[in-house]
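Heads up: the structure comes next, in C-alpha cells.
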Amino acid sequence: MSSYVSNTEADRAEMLAAIGVRSLEDLLTPIPESIRLKRDLNLPAALDEAAVIRHLQSLAAQNADLESHRCFLGAGIYDHFRPSVVAYLAGRGEFSTAYTPYQPELSQGMLQAIYEYQTLICALTGMEISNASMYDGASGLAEAALMAASITERGQVVVSQAVHPHYRQVIATYLNSTGYQMVEAPAGGGVSSLEALRAAVGDQTACVIVQHPNFFGCLEDVAACVEIAHRAGALAVACVDPIALGLLKPPGEYDVDIVVGEGQSLGNAMAFGGPLLGFFACKQKFIRSFPGRIVGATVDRQGRRGYTMTLRTREQDIRREKATSNICTNEALLALAATIYLCEMGKAGMRQVADLCLQKAHYAQRRLLELPGVSAPFGSVPFFKEFVVRLPVAPETVNRRLLPHKIVGGLPLGPYYPELADGMLLCVTETKTKEDVDRLVDAVAASLAEPETAKAF
Amino acid sequence: MSSYVSNTEADRAEMLAAIGVRSLEDLLTPIPESIRLKRDLNLPAALDEAAVIRHLQSLAAQNADLESHRCFLGAGIYDHFRPSVVAYLAGRGEFSTAYTPYQPELSQGMLQAIYEYQTLICALTGMEISNASMYDGASGLAEAALMAASITERGQVVVSQAVHPHYRQVIATYLNSTGYQMVEAPAGGGVSSLEALRAAVGDQTACVIVQHPNFFGCLEDVAACVEIAHRAGALAVACVDPIALGLLKPPGEYDVDIVVGEGQSLGNAMAFGGPLLGFFACKQKFIRSFPGRIVGATVDRQGRRGYTMTLRTREQDIRREKATSNICTNEALLALAATIYLCEMGKAGMRQVADLCLQKAHYAQRRLLELPGVSAPFGSVPFFKEFVVRLPVAPETVNRRLLPHKIVGGLPLGPYYPELADGMLLCVTETKTKEDVDRLVDAVAASLAEPETAKAF
Amino acid sequence: MSEPLIFEKSDPGCHGANLPRCDVPYTDPSVLLGADNLRPDLPLPEVSELEVVRHFTRLSQRNYAIDTGFYPLGSCTMKYNPKVNERTAGLPGFAALHPLQPEETAQGALAVLYELQKMLAEVCGMEATTLQPAAGAHGELLAMMMIKAYHADRGEAHRDIVLIPDSAHGTNPASAARCGFKVRSIPSNAQGRTDLQALAAALDNNVAALMLTNPNTVGLFESDIVQICRMVHEAGGLVYCDGANMNAMLGITRPGDMGFDVMHFNLHKTFSTPHGGGGPGCGAVSVQPCLEPYLPVPIVEKVETREQPGARYRFNCDRPRSIGKIHSFYGAFLIAVRAYTYIRSLGPEGLREAGENAVINANYIRARLADAFEVAYGNQPCMHEVVLSAVRQKQQSGVRALDISKRLMDYGFHPPTNYFPLIVPEALMIEPTETESKQTLDAFIEAMISIAREAQENPEVVKAAPHRTVVSRLDETAAVKNLDLRYTAVCEA
Amino acid sequence: MSEPLIFEKSDPGCHGANLPRCDVPYTDPSVLLGADNLRPDLPLPEVSELEVVRHFTRLSQRNYAIDTGFYPLGSCTMKYNPKVNERTAGLPGFAALHPLQPEETAQGALAVLYELQKMLAEVCGMEATTLQPAAGAHGELLAMMMIKAYHADRGEAHRDIVLIPDSAHGTNPASAARCGFKVRSIPSNAQGRTDLQALAAALDNNVAALMLTNPNTVGLFESDIVQICRMVHEAGGLVYCDGANMNAMLGITRPGDMGFDVMHFNLHKTFSTPHGGGGPGCGAVSVQPCLEPYLPVPIVEKVETREQPGARYRFNCDRPRSIGKIHSFYGAFLIAVRAYTYIRSLGPEGLREAGENAVINANYIRARLADAFEVAYGNQPCMHEVVLSAVRQKQQSGVRALDISKRLMDYGFHPPTNYFPLIVPEALMIEPTETESKQTLDAFIEAMISIAREAQENPEVVKAAPHRTVVSRLDETAAVKNLDLRYTAVCEA
Ligand SMILES: Cc1ncc(COP(=O)(O)O)c(C=O)c1O
Ligand SMILES: Cc1ncc(COP(=O)(O)O)c(C=O)c1O
C-alpha cells in the first residue's frame with residue numbers, strides 16, 4: 001500500500017462500526033451507480049520510493065540544466081545565484097506544509113515573514129503598499145490593468161511593444177474576456193516610442209504599461225512615460241526587474257502608480273518557468289482596489305505585536321463577485337524565499353549583484369560585438385543585464401551549434417519581432433564568470449565560422 | 001569579508017573601547033612576539049559562495065557515485081535505500097547545530113530521540129542496554145574488547161579471521177598500545193573455525209569476537225562460538241549487520257554479552273566511509289563498565305517525563321583517567337538518522353529490506369555461478385547479502401572492465417586473504433533491481449571473455 | 001518569546017551573502033546607465049547570514065503546519081505532503097532549467113508535463129488538460145474565458161449569466177465576475193444540495209454556465225448531478241466542476257462521466273503538493289472535446305514520426321481558437337513534478353485507497369461528533385469532509401464557531417474552516433484527509449467533545465481562547481482601522 | 001505540549017516506507033538461511049510516514065541549537081555552521097561514494113582529503129596530518145599511541161607517564177590512560193597557567209609527554225609555551241597540543257611554531273562543521289616530522305609522474321612504522337568536505353578575521369561582566385573565551401553556577417559550560433565565537449546582569465529555574481537511581 005494512509009484494516013473496521021455501517025459501500029450510496037467507476041483508473045502501476053526517484057532522475061537527466069550547461073537565456077526568467085540558506089530555510093516543513101494563514105495565532109511565522117516581504121518590496125520599489133504576492137509577473141500585470149480600469153472607470157489599456165511579448169499576450173487574454181481593450185504602442189530603437197505612446201493614449205485610457213528595463217534589456221524613459229499617462233488622466237504601470245532595482249532609481253520616484261514584476265530572481269529557481277512570484281505594489285490611495293492578500297500588524301489581547309491578513313473585505317471569500325480579484329492561493333512560499341534572499345543579500349549585496357550583472361553583460365556585449373558580422377541593433381541605448389545582438393547566421397543555428405559546447409545560447413527574437421529575425425537576446429548575470437563569457441564568445445565565433453549545413457535555418 | 005563575522009568595523013571599535021584597549025593588538029599581548037605568525041597562512045584565497053560550490057561540484061564530478069554507477073561493493077559499507085524523510089528530518093538545524101545535550105531542559109528533542117534509538121537497538125539486537133553511539137563499527141569493537149578485558153581482568157582477545165580485516169586491524173591497534181594481546185583464529189570454508197577458536201581460547205581470554213554474518217557474508221554458528229567463549233570464562237562479542245537483523249535471530253538470543261555493529265546502513269550515507277555509526281549494546285549487568293554516553297528517562301519538578309544523559313560518572317569529564325572510555329563527541333546525528341530510518345521502516349519494512357537483500361544476493365550468486373570458470377569457494381554455506389565468487393580472470397581486471405559499463409564491481413580479496421587472490425566479495429542489496437543484476441552478470445561475462453591485455457593483472 | 005522584525009536587527013555595514021568580486025573590466029554604473037537613472041539609497045536590512053538563519057528558523061517555529069500536527073481545514077485537503085516529492089522537484093534537471101531552452105534540451109521536463117496532462121484527464125474522465133493555471137481560482141477564470149469563447153464562437157455571445165449555488169466558494173462568483181459574467185445564485189435545498197426547481201427556474205438562453213462543486217462544500221455528493229448536467233446542457237449552457245473536493249472521488253467516480261464539461265484540479269490539495277503557507281499551487285484544468293480548442297497555449301504534445309522513432313515532446317502554440325495565455329510560461333512546473341511523483345507513487349489502487357479512506361475518516365468524525373454538535377443538513381453520510389454547526393453552543397452560552405476554533409489551538413490542533421459554507425450558520429468544516437490515523441482522529445474528537453463541555457460549563461475559557469499560542473487572539477478590527485502594512489522605519493531611513 | 005514516544009504511537013499493521021516488491025525468483029528465507037537462524041519477532045514500531053515526519057519535526061522543536069539562538073558553550077566553539085557546507089557535503093559525488101571503490105573512480109574525494117591534510121598542517125605549522133580520528137578524544141588517543149610507538153622505537157618504552165595540567169579537559173587523562181599511560185597532574189599557577197616549577201619537578205626520564213591545551217581551558221594563552229616545550233623536550237618527552245581552542249589562534253599563531261610535536265583539531269569546532277547534537281566530528285591530528293612515520297594508514301598522497309602528467313591521488317598503506325588503523329576507513333569524510341568548504345570560503349584572511357573577532361567578542365563579554373561576576377584569575381585579557389565564577393553569588397545567596405545557567409534559559413539563551421575547568425569554583429565558561437553580533441552579546445550580557453541582580457533580590461526564582469522550557473529542571477539523581485534506559489514495553493511485546 002503506497003497511499004500514505006495511516007489506518008490499518010483493523011482501524012478501518014473499528015471506524016466503520018463506529019459510523020454504524022457495514023462497509024465503505026454504505027457510505028458511497030449518494031453516488032448513483034451509473035457514474036461509479038467500475039474499473040481501475042488507467043494509470044501506470046504504483047512505484048516504490050526508490051523506483052520513483054530513479055524514474056524522475058532519468059527524466060531530469062534528459063534536460064540540459066545549469067549543472068551541465070551555462071545558460072545565457074533571460075527574457076523574464078533569470079539564472080541568479082541562490083545562496084544556500086534560501087532553499088534550506090524556505091524548505092522547512094513548518095512553512096511549506098502550512099495553508100494560507102487564516103488562523104493568525106498559529107501562523108505568526110509566515111505572517112511576519114510576509115509583512116517583512118511587503119516592507120522589502122516597498123523598499124525596493126519605492127512604493128507605499130505591497131500585497132502578499134500574485135501568481136506571476138504576467139498575470140500580475142494583467143491584474144494591474146484591470147485594477148487601473150476599475151479605478152479610472154476607463155476601458156482601454158496602452159501597452160508598449162517593448163514589454164515582454166508573453167506578458168502582453170496574458171494582458172490581452174485577460175482583457176479580451178472582459179470587453180476591455182488593449183492597444184499596443186510600437187517600440188523603436190530598443191525602447192518604447194514616446195510618440196507612439198502619446199498617440200495611443202486618450203480619454204478612455206485606463207493605464208500605460210511599460211517595462212523597465214524593457215524586454216530588450218534597455219532602460220526606458222520612465223519619467224516621460226509616466227507623464228504621458230498622467231496627462232491623459234491614466235495611471236502609470238511599470239513592470240520592473242527587482243535585481244535591477246539594486247542600482248536603478250525605484251519606480252516610486254517616477255510617480256508610477258502601480259508597480260509589478262516577476263520575483264523569481266529573488267532566490268527562486270528558474271524551474272522551467274514555474275512556480276513564479278508576481279510582486280505587486282502601488283500607491284496607498286488605491287488600497288481599496290488592490291487585489292490579493294495583504295498582511296498587517298496588529299495587537300493581541302495583551303497588547304503584544306502580531307500579524308494577520310487584513311482588508312479581507314476586498315477579497316473573494318467575503319465580497320464574492322464584487323471582490324477586487326478572484327485570487328485565493330497565491331505564491332507565499334516564493335515570497336518567503338524572496339524575503340530570505342533580500343535579507344541575506346542586504347543593502348550591499350543587492351547593489352553588488354546588480355552591479356555584477358551590469359558589468360558582465362557589458363563585457364559580454366563588447367566582446368560579442370568584436371566578432372565579424374555581429375552588430376548592436378540599438379546603438380548605445382543603456383541596458384542592464386540583457387542586450388540584443390544581430391548575428392550573421394540564424395540565431396537558431398547558432399544556438400544549435402553552441403549546445404555541444406555545453407552552452408545554452410540566447411533567445412532568437414524572430415518569433416516575437418519579425419524585424420529582428422537575426423536578433424538574439426542574451427542575458428549575463430553575476431553567475432557567469434569572465435571565463436564563461438569568454439567561452440561563450442569563442443563558441444559563438446566558432447558557430448559563425450562553421451559552414452551552413454543543409455539542416456541549418 | 002567571508003568569515004561569517006557579524007560585527008562591523010564600527011561595532012568592533014565600540015567593543016574595543018568598552019574593553020578599554022586601543023586595538024586588538026593590546027589583547028594579544030600574552031602571545032610572545034617570537035611565535036606570532038607574521039605572514040598570511042599559505043592557503044588558497046577565499047572563494048565566494050557560488051565559486052566554492054562550483055569548485056566542490058567539479059571535484060564531486062570526478063567520482064563514480066551511485067547516481068552514475070551501480071555499485072556492488074559491500075564489506076562494511078552498504079548501499080541501502082535511504083527514504084527521503086531521513087535526510088530531511090535529520091538535516092533540520094535544531095538537531096544538526098546543537099551540541100551534546102549537557103543541558104537537558106534545552107535538549108529534549110535529541111535526548112528523546114536517543115532514548116528511542118537505545119530502545120530500537122535493544123529491540124533489534126535483543127540486548128538489554130545500548131549506549132548513545134560510538135565512532136564506528138571498528139572502534140566500537142575495539143572498545144568492546146577493552147571493556148571485556150576490564151570486566152574479566154584478562155589480557156587476551158580472540159578474534160576470528162572471518163571478522164572484517166579492517167576491524168581486526170583497528171582492534172590490534174587499540175590493544176597493542178595497552179599491552180593487551182590479540183590472537184587471530186583462522187577461518188575455513190567461509191566461516192570461523194570452531195576448532196581454531198577452541199584452540200585459541202584459554203584462561204587469559206577476555207573475549208571471543210565473531211562477526212555474523214561475517215566478512216564473507218556467511219552466517220556463523222553463533223551459539224557454538226558463544227559456548228566456546230563462555231566455557232573459557234570469556235565474554236562473547238558479536239559484530240552484526242543491523243539490516244540482517246530484520247530476519248536473523250538477534251544475538252541476545254544466543255546469550256552474546258556484547259553486541260557491536262556498523263549502523264551506516266540504517267539511513268546514513270556511504271559517504272566514502274565516514275562519518276559512521278558504531279552501535280553498542282550489552283547485558284545490563286555490565287552497565288558500570290559500559291563506554292559512551294547513555295540517555296535515561298527521569299522526571300522534572302512537576303513530575304513530567306523527561307530525558308537526560310545519565311550514569312555520567314563512568315565518563316571522562318567526571319572520572320578522567322578512571323573513565324570507562326575517553327569518548328566525548330560521538331555520532332549522535334547518525335544515531336538520530338538510524339532512529340528515523342527504523343521508525344520509517346518499522347517492523348514490516350525491516351523484514352522486507354532484509355528479505356529483498358537475501359533474495360537478490362542469491363539470485364545474483366546463482367546467475368554468476370552459471371558463468372564459465374566462476375565458482376563458489378564456500379559451497380552452500382548460508383549467506384545473507386554478500387557472497388564470494390572465484391573468478392577465472394583477476395578480480396582487479398574484471399573491475400576495470402566493468403567500469404565502462406557504469407558498474408563498480410565487488411571487492412578483490414587478494415590483499416586481505418592471499419589464498420583468495422581470485423576471489424571477489426560482492427554485495428547485492430534491495431537497491432538493485434533484477435535488471436541491474438542481469439546487467440552485472442552480462443558485464444562480468446563480457447569481462448571474462450575479453451582477451452587479457454598487457455596492462456591487466 | 002517574540003521575534004523582532006529583521007529590520008530591527010539591522011546593523012549598518014553588516015552583510016550576509018558572500019558574493020563574487022568583479023572579474024571583468026569595471027566601468028562606473030553612472031557611466032553605463034546614466035547617473036539620473038541610479039537610485040541614491042537602498043533601504044534594505046543589513047544582517048549577517050547567521051542572523052538570517054536564526055530569524056527564519058525561529059519564525060518557522062511560530063507556524064503550525066501539517067508537519068507539526070493535525071490540520072483538518074475543510075476544503076483544503078491538508079494531507080501528508082510526501083518528502084520524496086520535494087526530492088524529485090529539487091533535482092537540478094528540473095529546478096535549474098530555463099523555460100525558453102530549445103525543446104530538445106528539455107525533453108524530460110516536457111515528458112512530465114505531457115504525462116501529467118494525460119493522467120489528470122484520466123482521473124477526471126475528460127479529454128485534455130492544461131497545467132497553466134497557477135491555482136484553483138486561476139483555473140476557474142480560465143474556464144470562464146473558454147466558456148465565453150465557446151459561446152461566442154457559436155454566435156451566442158449574449159449568454160452572460162453564470163449560475164452558482166449559494167454554498168459555493170467565493171472564488172467561483174469572483175472568477176465569473178472577473179470574466180464579465182453576471183452571477184446568479186442558486187439556493188441549496190433542505191438536503192444541502194442544489195435545488196433542482198430553483199435551477200430549472202434560473203435556466204434560460206442567457207445562461208452561459210453553471211459552476212458546481214462536487215462533492216459540494218457541505219461535503220455532500222450531488223446525487224442528482226447527471227440530471228443537473230443534462231438540464232444545463234439542454235438550456236445550451238456548460239457545466240463547470242470546481243474540483244477542490246476531488247480527493248473524495250479518486251478512482252471512485254469521475255466528473256467527466258457525470259456530464260461536466262470542464263473542471264479544475266487543485267494539485268496543491270488532491271495531489272499532495274505542499275501549500276506553502278498560501279501557495280504555490282497548480283489549478284490544472286481538464287476539458288471535454290467541446291472546449292479543447294480553447295485551451296491556452298502552449299499545449300504539450302507527443303510526436304512519434306516514422307523518420308524519428310521514439311517519442312519526442314514539443315510545445316504547440318499554433319492553436320487558432322486558443323483563448324491565449326494566462327501565465328508567463330507553462331504554469332507551476334515544479335508543482336507538476338510533485339504531483340506526477342505522487343501519482344506515480346500511488347498508482348490506480350493507491351489513488352482509490354486515498355479517496356476511500358478520506359471518506360471513512362470524515363464519516364468517523366461525523367459519527368463521533370454528531371451528539372456534541374449539530375451536523376449540517378442532518379446526520380447523513382458525507383464524503384471527504386463534514387460540516388458541523390456551533391448554533392447550539394452559540395445559543396446556549398454565546399460560544400461561537402470562532403471561539404471553538406481558537407480553543408482547539410490550546411489542545412494542539414489546527415481549527416477547521418470557519419464560517420464556510422455561508423449557508424451553514426456557525427460552520428465548522430472538518431476535512432481530516434486519508435493520511436491521518438484513527439489515533440489522531442480520536443484525540444481530535446475528544447478535544448472537540450471536551451470543548452463542547454467547556455462551552456457549557458466554562459464558556460469564558462473558550463471565548464478567551466487561545467491561551468497557549470505565541471500570541472493570544474489578535475485584534476483584526478484594529479488591523480483594518482490602524483492599517484500597518486509595512487515597517488515604515490526602514491523605508492524612510 | 002509533550003511528545004509521546006514513537007512506540008506509544010505504534011499501530012500494528014501500519015507502515016511508513018514504500019518499499020519495492022521482490023523482482024527475482026523468491027525462495028523462503030528459512031530455506032536460504034535455515035529456520036533456526038531466523039528471528040520469530042521483530043519488535044519495532046509501526047507508524048505511517050506522516051507520523052514519522054511529525055514526531056521528529058516536533059522533537060526538533062524541543063531542541064535548542066545554534067540555528068535557534070546564542071550558544072556560548074565554552075570549549076565547544078559553537079559558531080555559525082554555514083549552510084553551504086551542507087550543500088557541498090550533500091553532493092552525490094561525495095555522499096554516495098563507497099570507500100573501497102578503485103582509486104581512479106574517487107579522485108575528487110581523494111583530492112579533498114589530500115588538500116585538507118595539507119591545509120591543516122599549514123594552519124598549525126606542522127608537517128603532516130591524518131583525518132582518521134572521528135573526534136578530538138580519538139585524536140588524543142591516536143597521538144598517545146604514536147608517542148608510545150615513538151619512544152619504543154627509540155628504546156625508551158619505559159616512558160609511561162603523561163603530564164596533564166589540572167585545568168585540562170577530561171578526555172586528556174582518559175585518552176592517556178586508555179593507552180596505558182600513568183597520568184600525573186600539573187597544577188596551574190595563580191595566573192591560571194601552567195606552573196613551571198611544578199612542571200620542572202615532574203619532568204624526568206619516565207615522562208613520555210605533556211598534554212597541554214593552548215589557549216588553556218581558562219581561555220588564557222600559555223605565554224611560557226616556548227619554554228614549556230623546551231623543558232619537556234630536554235627531558236626527552238614530547239608535547240601534545242589539545243587544539244580544541246584553535247579558533248583563538250587562527251592565522252595569529254601556530255602550535256607548530258611554539259614547539260608542539262603533535263596536536264588534534266576539532267573540525268566540528270574550529271572549522272564550522274555542525275556538531276550534530278553530539279557528533280559526528282573529526283579530530284584530525286597533525287604532527288611534526290618526528291611522528292610522521294607513525295601516522296595511521298592509509299595516508300593520502302599526491303603523485304605526479306613524468307609518464308602521467310596531472311596530479312593523481314592515491315592511498316598509501318605501505319608505512320611500516322604506522323601504528324595501524326583506528327577507523328574502519330578514512331575517518332569522517334563528509335566532515336572533511338565541510339571543513340574544506342569552510343577553509344576555501346574563508347581563505348587566509350577570513351581565518352585570521354575569525355580568530356581575531358573570536359578574541360574581541362570574548363573580551364567584550366569579560367569587560368562588561370567583570371563587575372557582576374568574578375572573572376577567574378583576575379580581569380586579564382583572555383583569548384576566545386572567558387571563565388566567570390559564581391562564587392560570589394553562591395556565598396551571598398546560595399545561587400550556584402548551575403542555577404544561573406538554568407535561569408539563562410528563561411532569557412532565551414543557552415547556558416555557558418558549567419563546572420569546567422575544574423580548577424575554577426562555580427565556573428561559567430563563556431565562548432561567544434566570532435559569528436555572534438554585538439547586539440546578541442549585549443542582550444546576553446544584560447541577561448547575565450539581570451540574573452546577578454535576581455540572585456541578590458529574588459534568589460528563589462533563579463534556583464527554581466528554568467521556568468519557560470518544555471520541561472522544568474530534571475531530576476538527574478533519580479535518572480541514576482531508577483535507571484530507565486529504554487522503553488521496555490516495546491521489547492517485551
Ligand atoms: C471549493 C474551493 N474552490 C476553489 C478554491 C480556490 O482554489 P485556489 O486557492 O487554489 O485558488 C478553493 C480553495 O480554497 C476551494 O476550497
Ligand atoms: C578542551 C577539549 N579537549 C578535548 C575535547 C574532546 O573533543 P571531542 O569531543 O571532539 O572528542 C573537548 C571537547 O569538548 C574539549 O573542549
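In what follows, every chain begins at residue 1, and chains take the letters A, B, ... in the order their sequences are listed.
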Please state whether the side chain, the backbone, both or neither of [X] comes within less than 4.5 Å of a heavy atom of chain C.
X      : value
A:L411 : side chain
A:I287 : side chain
A:L219 : side chain
A:I294 : side chain

With a 4.0 Å cut-off, would you call [X] and [Y] a salt bridge?
X      : Y      : result
A:E105 : C:K406 : yes
A:D40  : C:R352 : yes
C:D23  : A:K360 : yes

Legend entry - Whether A:Y99 and C:H275 hold their rings parallel, tilted or perpendicular, with breakpoints at 30° and 60°: parallel
Legend entry - Contact winner vs chain C - A:D11, A:V85, A:L73, A:T308, heavy-atom pairs under 4.5 Å: A:L73
Inset, instruction - Find out whether C:N357 and A:R12 are in side-chain contact, i.e. whether some heavy atom of one side chain is under 4.5 Å from a heavy atom of the other. - result: yes
Legend entry - Flag side-chain contact, heavy atom, 4.5 Å: C:S60 against A:L89: no
Inset, instruction - Please name all residues satisfying side chain to side chain donor-acceptor pair (under 3.5 Å) with A:S6, sequence neighbours left out, ordered by chain then number. - result: D:S48
Inset, instruction - Look up atom CZ in C:R486 and atom CD1 in A:I129, then write down how far apart they are to the nearest 0.5 Å. - result: 9.0 Å
Inset, instruction - Quick one: pull up SG in A:C343 and CD1 in C:I6 and give me the separation to the nearest 0.5 Å. - result: 4.5 Å
